[in-house]
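Just so you know, these numbers use all the heavy atoms, side chains as well, and skip hydrogens, waters and symmetry mates.
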Amino acid sequence: MNRIITPLLASLLAFGIAACSKQGPDSAPAAASEPAAATSTATVGLAVSTLNNPFFVSLRNGAEAEAKKEGINLITVDAQDDPAKQQASVEDLIQKKVSVILINPTDSAAVANVVKEAVGKGIKVVSLDRSVTGADVSAHIASDNVAGGKMAGEFLLEKLGGKGNIVELEGIAGSSAARERGQGFHQVVDGKADVKLLAKQPADFDRAKGLSVMENIIQGNKGVQGVFAHNDEMALGAVKAIQAAGLKNVVVVGFDATADAVAAVKAGTLAATVQQQPELIGQYGVQTAKKLIAGQPVDKFIPVPLNLVK
């Protein structure tokens with residue numbers, strides 16, 4: 001019996017060896033093949049002051065569209081106009097180890113420490129629309145707010161014939177946009193003998209606050225003839241207050257050229273708005289982030305053109 005089995009086993013063994021010898025490189029097991037090259041997507045953080053403002057929604061949309069086009073993962077965080085919330089959300093982006101943070105500060109000075117923290121951990125920071133005070137960033141992308149404030153002041157005085165009683169509605173105290181737009185406006189209106197500034201009050205870039213602040217101003221100043229608001233939301237709130245009070249021929253100028261403001265200009269309820277291009281600010285932000293990730297140089301200030309819609 002053993003004499004029969006032994007030759008049989010020998011035959012089977014020989015057949016197995018022959019079969020194995022016919023396997024080429026292409027028939028090697030999958031486990032032995034080289035792993036596919038890993039692909040990595042750069043991640044960029046976008047810290048927005050508030051998405052309750054149409055201007056910053058447009059800015060975010062511009063950034064998102066450009067990030068999608070460039071294959072960049074974009075994480076957006078909304079501070080809801082709360083400096084403490086913005087600091088916490090930026091710290092969260094730092095923990096996520098994003099490559100670049102695009103920041104639109106709620107308060108230009110309040111974000112300084114968290115910006116320094118990000119930079120200290122090797123994360124590049126780019127400010128959008130509003131600058132950072134007290135910390136260095138790789139680039140600042142914005143319209144020239146001082147020039148825009150001057151543009152608004154010049155148009156307002158032109159419409160008033162160089163004289164009249166005017167009101168200024170200011171943005172959030174501490175924000176560079178409010179400071180710079182006011183600066184440009186006052187370069188034009190200050191020192192004019194026939195121009196009287198009846199009131200200068202903050203309404204925090206908010207439409208509801210623009211309405212209530214303007215209502216309070218009108219109660220004590222029925223002779224308002226012109227209003228410059230640091231953004232369109234406040235301007236549109238002021239228009240409502242003026243209409244409710246029955247005042248006529250009050251020239252109101254806003255800033256940003258949001259869709260609602262442009263519609264109001266066409267309807268004749270808003271005299272003009274300084275046009276920024278928030279989508280372009282967001283787009284430039286992502287383009288700048290991409291250059292920084294690639295180790296390419298970028299300009300310290302990247303301007304976005306202004307226009308007057310009237």
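Here the rule is side chain to side chain contact (heavy atoms under 4.5 Å, CB included) with E233, and of N52, D206, N53 only N53 fits it. A side chain to side chain contact (heavy atoms under 4.5 Å, CB included) with V114 holds for exactly one of V90, L93, I101; it is V90.
Inter-residue side-chain proximity for S131 and E180 is flagged as met; some heavy-atom pair is nearer than 4.5 Å. Counting heavy atoms from C-beta outward, L128 and L46 have side chains that approach closer than 4.5 Å. Taking the side chain as every heavy atom from C-beta outward, I75 and D92 never approach each other to under 4.5 Å. Side chains of V253 and F185 form no contact here, defined as non-hydrogen atoms less than 4.5 Å apart. Residues V286 and K69 have side chains not in contact (no heavy-atom distance under 4.5 Å, counting atoms from C-beta outward). By the 4.5 Å heavy-atom criterion applied to side chains, V57 and N61 are counted as neighbours. Counting only heavy atoms from C-beta outward, the side chains of D82 and T106 never approach each other to under 4.5 Å. Contact check for I242 versus V224: no side-chain heavy atoms found under the 4.5 Å cut-off.
With hydrogens and angles disregarded, a donor-acceptor distance shorter than 3.5 Å links the side chain of Q225 to the backbone of N165. Formation of a donor-acceptor pair under 3.5 Å by the D78 side chain with backbone atoms of L51 is found in this model. Within the 3.5 Å criterion, the main-chain N or O of A257 finds a donor-acceptor partner in the side chain of T273. For the pair N231 (side chain) and F205 (backbone), a donor-acceptor distance under 3.5 Å is present. Not one N or O on the side chain of T41 forms a donor-acceptor pair closer than 3.5 Å with the backbone of N73. Of the possible polar contacts, one joining the R130 side chain to the P105 backbone as a donor-acceptor pair under 3.5 Å is found.
For the pair V227 and A238, the tightest heavy-atom approach, listed with the atom from each and the gap, is CG1-CB, 4.5 Å. In this structure, I302 and T288 approach most closely via the heavy-atom pair CD1-OG1, 3.4 Å. Nearest heavy-atom pair across Q86 and A79 is CB-CB, 3.4 Å. Nearest heavy atoms, V137 versus V125: CB-O, 3.3 Å. Minimum interatomic distance between V44 and A289 (heavy atoms only, all atoms of both residues): CG2-CB, 4.0 Å. Residue Q87 comes nearest to A110 through the heavy atom pair OE1-O, 4.2 Å, listed as atom of the first residue, atom of the second, then distance.
When hydrophobic clusters are built by joining Ile, Leu, Val, Met, Phe, Trp and Tyr residues whose side-chain heavy atoms come closer than 4.5 Å, directly or via intermediates, V251 is not grouped with L247. By the rule that hydrophobic residues join a cluster once side-chain heavy atoms approach within less than 4.5 Å of another member, Y284 and V126 end up as members of one cluster. L211 and M234 fall into different hydrophobic clusters, defined by Ile, Leu, Val, Met, Phe, Trp and Tyr side-chain heavy atoms under 4.5 Å apart, directly or through other members. Both L102 and L280 are assigned to one and the same hydrophobic cluster, defined by single-linkage of ILVMFWY side chains at heavy-atom distances under 4.5 Å. In terms of hydrophobic clustering, with Ile, Leu, Val, Met, Phe, Trp and Tyr side chains grouped at heavy-atom distances under 4.5 Å, V167 and V213 are assigned to a common cluster.
The residues D260 and R207 are annotated as salt-bridged, a charged nitrogen and a carboxylate oxygen being separated by less than 4.0 angstrom. Between R181 and D256 there is a salt bridge, since at least one side-chain N of the basic residue sits less than 4.0 Å from a carboxylate O of the acidic one.
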Step by step, work out the side-chain contact (heavy atoms from CB on, under 4.5 Å) result for D136 and V119.
CA-CA 9 Å; D136 288 332; V119 172; over 6 Å; no
Apply the test side-chain contact (heavy atoms from CB on, under 4.5 Å) to residues V304 and Q276: give CA-CA distance (whole Å), side-chain angles for both, the deciding distance (0.1 Å), then the verdict.
CA-CA 7 Å; V304 180; Q276 293 198 90; over 6 Å; no
side-chain contact (heavy atoms from CB on, under 4.5 Å) for V189 and E168? Distances and angles first, verdict last.
CA-CA 11 Å; V189 301; E168 180 183 5; over 6 Å; no
Verdict with supporting geometry, M151 and F155, side-chain contact (heavy atoms from CB on, under 4.5 Å):
CA-CA 6 Å; M151 189 182 289; F155 176 79; over 6 Å; no
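Taking CD1 of I72 as the start and CD of Q287 as the end, the distance is 9.5 Å to the nearest 0.5 Å. Put simply, CD on E279 and CD on E66 are 12.5 Å apart, with the number rounded to the nearest 0.5 Å. To the nearest 0.5 angstrom, I141 atom CD1 is 8.0 Å from S127 atom OG.
More than 12 heavy-atom neighbours from other residues, nucleotides or ligands sit within 6.0 angstrom of CG on D190.
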